[in-house]
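Notes follow the structure.
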Amino acid sequence: MAGPSHLVVRDISPFHRRLSSLVDEAGGQAAFAAKAGTSQSGLNRILQGGAPGLDTLIAFANAGGVTIEWLATGRGGKIIEIDESPELT
């Protein structure tokens with residue numbers, strides 16, 4: 001059964017799916033936007049299919065604790081690995 005004709009179902013890209021998962025993990029758009037230092041309306045525009053600029057992409061990756069490569073392409077490691085081994089002096 002088809003939904004109401006006023007609803008537009010848009011295929012979202014893999015990037016938008018990855019971003020959406022980070023938003024969900026952060027507790028929603030308001031929380032993620034605040035963490036990324038962007039407006040909720042700006043985040044919503046991107047979630048609806050917009051393309052972020054480089055600065056925004058970096059802010060989203062940092063807010064989600066993921067690598068820029070993973071967020072943008074789905075390749076590489078998802079989680080930023082922090083080397084906590086003691087430094088040799």
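Heavy-atom basis, side chains included; hydrogens, waters and symmetry copies ignored.
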Atom pairs and distances, side-chain donor-acceptor, residues 19-34, under 3.5 Å, sequence neighbours left out:
from	atom 1	to	atom 2	distance (Å)
Ser21	OG	Arg18	O	2.7
Gln29	NE2	Asn44	OD1	3.4

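- Distance alone, capped at 3.5 Å, places no donor-acceptor pair between the His16 side chain and the Ala51 backbone.
- Closest of all the heavy-atom pairs between Pro52 and Ile46 is CB-CD1, 3.7 Å.
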Expected list for residues 35-42: side-chain donor-acceptor pairs under 3.5 angstrom, two or more places apart:
from	atom 1	to	atom 2	distance (Å)
Lys35	NZ	Ala63	O	3.3
Ser39	OG	Ser41	OG	3.3
Ser39	OG	Gly42	N	2.9

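- Two residues are said to be in side-chain contact when any heavy atoms from C-beta on lie closer than 4.5 Å; Trp70 and Ile79 fail this criterion.
- A 4.5 Å side-chain heavy-atom check between Thr73 and Phe15 finds every atom pair outside the cut-off.
- Here the straight-line distance linking atom CD1 of Ile68 with atom CG of Leu57 works out to 6.0 Å at 0.5 Å rounding.
- Residues passing the side-chain hydrogen bond (donor to acceptor under 3.5 Å, both in side chains) test with Asn62: none are found, sequence neighbours excluded.
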